[in-house]
Amino acid sequence: MLEIKLVREKYGEIEKALSNRGEKMDLPAMMEQDNQRRALLLEIEALRHRRNLVSQEIAAMKKQGVDADAMVTEMRAVSARIKEFDASLATLDETLNNFLMRLPNIPHASVPVGKNSGDNPVRKKVGKVPAFNLEPQAHWTIGENLKILDFERAARIAGARFPLYIGAGARLERALINFMLDVHTGEHGYTEILPPFMVNRSTMTHTGQLPKFEEDLFKLEGWDYFMIPTAEVPLTNIHQGEIIEEDSLPIYYTAYTPCFRSEAGSYGKDTRGLIRQHQFNKVEMVKFATPDTSYDELEKMLANAEAILQRLGLAYQVLTLCTGDMGFSAAKTYDIEVWMPAQGVYREISSCSNCESFQARRADIRFRRKGQKGTELVHTLNGSGLAVGRTVAAILENYQQSDGSVVIPQALQPYMGGMECIVK
RNA sequence: GGAGAGAUGGCCGAGUCGGCUGAAGGCGCUCGCCUGCUAAGCGAGUGUGGGGCGAAAGUUCCACCGAGGGUUCGAAUCCCUCUCUCUCCGCCA
């Protein structure tokens with residue numbers, strides 16, 4: 001969310017940012033609402049001021065036994081008017097708030113302007129793309145042949161877009177989760193969290209999933225609970241409503257959680273395999289930082305995610321998302337894409353964003369600078385480190401052997417009980 | 001699920017029969033004084049959000065005592081609903 005004050009003061013800038021994002025919103029209408037609101041507020045406050053003064057007089061008069069009926073009658077009318085005005089104000093507030101809650105974040109100045117994913121510049125390519133003698137198999141074929149993935153049975157249990165890992169497949173998924181958490185906590189300084197997997201509406205609103213993207217979420221019928229689409233939601237909300245001391249910043253959290261997404265509107269896309277599921281596992285990183293350091297922290301977070309891929313020996317590229325492809329809450333985003341040999345393309349496996357104060361404003365997360373009055377909003381960052389299912393897919397495809405087996409990356413072998421290779 | 005208790009500022013904790021309580025008192029914190037050092041002591045200050053005026057420092061007004069409604073000229077104080085916390089019973093992985 002942006003502040004209405006900011007919209008008022010930097011109107012032109014925001015108008016431009018919106019058009020760069022390819023968003024159409026009626027800003028003039030919002031300004032009109034804001035003007036009306038402030039004018040009304042002025043009137044209401046004047047009335048309240050008068051009421052406060054006269055009420056005190058009444059109190060004084062009554063104490064002295066003087067008759068105050070005339071004033072009481074007058075104030076009765078004043079209160080009635082305040083009530084009327086309050087109702088109009090509430091309507092204006094609601095409209096305005098509704099507007100603001102649907103306004104996306106302003107891209108950082110360093111974000112390239114572009115229309116869609118085709119305009120995302122490649123920042124770097126890392127690692128060597130493996131060469132194959134034979135045509136490389138898709139991960140779902142490999143997984144089904146090794147009997148470590150079973151999409152048919154998963155579909156019977158739950159439906160399309162659900163995973164079922166068996167034996168070494170399940171173990172591989174768990175090994176990756178443990179590996180990633182160990183690296184982030186042991187070497188990158190993150191504190192491990194195990195949060196709720198369902199959250200309430202306000203939590204979901206704070207991070208920007210609501211009100212605009214409700215159709216992307218799974219909601220529990222009869223409850224005000226939503227399944228989390230990413231651990232970013234509970235992790236960022238850990239400090240909702242808090243004022244953090246500057247000393248304790250930056251704060252680093254990491255968590256493994258399953259993620260649940262309706263994938264509305266993606267019918268026919270990635271229908272096979274582990275790429276696009278209603279339920280998938282992810283290890284997430286979330287940071288709270290001061291505005292002075294948040295962009296350095298973003299670079300570090302990106303490096304933390306990259307470290308996982310490097311240790312797994314997977315080739316990847318990093319993109320800077322352009323204005324037209326960024327998520328709602330982000331001011332700047334890097335995507336990491338891992339090499340998938342079967343399709344011969346890079347696929348997104350991590351996304352690291354600086355949301356600046358966008359989420360902090362919604363979630364009311366502030367900090368106090370040492371020795372200074374007042375508070376400031378913190379900056380929040382989030383990044384995948386990494387999407388686990390897609391990592392499994394990448395390992396299966398990149399480490400497949402001509403006999404159908406899959407070699408386990410060395411860094412993972414301790415987590416697999418010493419297993420070096422998955423064979424039939 | 002049943003019965004009861006509670007929710008006040010960074011923390012602890014007052015708040016009488018509704019009226020000058022943004023909120024006593026204490027702790028903490030900040031600045032200053034004092035002091036071989038430390039501790040103690042003394043003095044001053046110390047919430048958040050919003051609006052108006054101002055270039056700014058600031059100033060002024062409004063709101064906020066879990067949340068939302070209601071009663072009243074006036075509510076932290078009375079009434080209703082909800083949320084959360086705690087205790088006991090039941091149930092349960």
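Order of the sequence lines fixes the chain letters, A, B, ..., with proteins taken first and strands second; residue numbering starts at 1 for each chain. Side-chain atoms are counted along with the backbone in the values below, which use heavy atoms only and exclude waters and symmetry mates.
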Shortest non-hydrogen contact from A:Glu397 toward A:His139: OE2-N, 2.9 Å
Rounding to an integer number of Å, can you tell me how far A:Asp224 CG sits from B:A67 P? 19 Å
How far, in whole Å, is B:C12 from B:A7 if one measures between their C1' atoms? 15 Å
For RNA chain B, report each stem as range with range, ordered by first number, or say none. Use Watson-Crick or G-U wobble pairs under 3.5 Å, at least 3 in a row. B:1-7 with B:83-89, B:10-12 with B:25-27, B:28-33 with B:41-46, B:47-53 with B:58-64, B:66-70 with B:78-82
Verify the contact: side-chain N or O of A:Lys62 to OP1 or OP2 of B:G18, cut-off strictly under 4.0 Å; return yes or no. no
When you get a sec, tell me which of B:G74, B:G49, B:C61 is the closest nucleotide to the side chain of A:Ser79? B:G74
Ring-plane angle category for A:Tyr253 and A:His239, please: parallel below 30°, perpendicular beyond 60°, tilted otherwise. parallel
Between A:Thr375 and B:G49, is there a contact of a side-chain N or O with OP1 or OP2 at under 4.0 Å? yes
Just the rounded figure in Å: distance from P of B:G50 to CG of A:Leu377. 9 Å
Between B:C61, B:G19, B:G74, which nucleotide has the shortest distance from any of its atoms to the side chain of A:Arg51? B:G74
Can you name the nearest heavy-atom pair linking A:Thr205 to A:Pro211, along with the distance? CG2-CD, 4.5 Å
How close or far is atom C1' of B:G51 from atom CG of A:Asn35, stated in whole angstroms? 13 Å
In whole angstrom, give the distance that lies between atom CG of A:Leu6 and atom C1' of B:G49. 17 Å
Between B:G49 atom C1' and A:Arg37 atom CZ, what is the distance in whole Å? 11 Å
Is the phosphate of B:C61, meaning OP1 or OP2, less than 4.0 Å from a side-chain N or O of A:Asn52? no
Distance test, side-chain N/O of A:Asn200 to OP1/OP2 of B:U83, below 4.0 Å: no
Hey, does the side chain of A:His206 reach the backbone of A:Gln240 with a donor-acceptor pair shorter than 3.5 angstrom? no
Side-chain N or O of A:His49 closer than 4.0 Å to phosphate OP1/OP2 of B:C62: yes
Taking the P atom in each of B:G9 and B:U77, what is the distance between them to the nearest angstrom? 14 Å
Among B:U48, B:G19, B:C61, which nucleotide has an atom closest to any side-chain atom of A:Glu45? B:C61
Quick check against the 3.5 Å criterion: does A:Arg21 have a side-chain atom that pairs as donor or acceptor with the backbone of A:Gly327? yes
Is the distance from OP1 or OP2 of B:C61 to the nearest side-chain N or O of A:Arg48 less than 4.0 Å? no
Distance check: side-chain N/O of A:Arg366 vs OP1/OP2 of B:G49, anything under 4.0 Å? yes
Could you pick out which residue, A:Leu42 or A:Ala46, lies toward the 5' side of RNA chain B when each is mapped onto its nearest nucleotide? A:Leu42
Within the structure shown, what part of the strands sits under 4.0 Å from A:Arg361 by heavy-atom distance: base, sugar-phosphate, or nothing? nothing
Taking only the P atom of each, what is the distance from B:U85 to B:C31 in whole angstrom? 39 Å
To check you understand the geometry: which heavy-atom pair defines the closest contact between A:Leu249 and A:Thr290, and what is its length? CD1-CG2, 3.8 Å
Nearest-angstrom distance from the residue atom CG of A:Asn97 to P of B:G49: 17 Å
Between A:Gln359 and A:Thr380, do the side chains contain a donor N or O and an acceptor N or O under 3.5 Å apart? yes
Under 4.0 Å between a side-chain nitrogen and a carboxylate oxygen: does that hold for A:Glu284 and A:Lys282? yes
Interatomic distance where CD belongs to A:Gln36 and C1' belongs to B:G51 [whole Å]: 17 Å
To the nearest angstrom, how far is A:Asp247 atom CG from B:C29 atom P? 13 Å
Check: A:Phe358 ring centre within less than 6.0 Å of A:Phe328 ring centre: yes
Does B:G51 have OP1 or OP2 under 4.0 Å away from a side-chain N or O of A:Arg8? yes
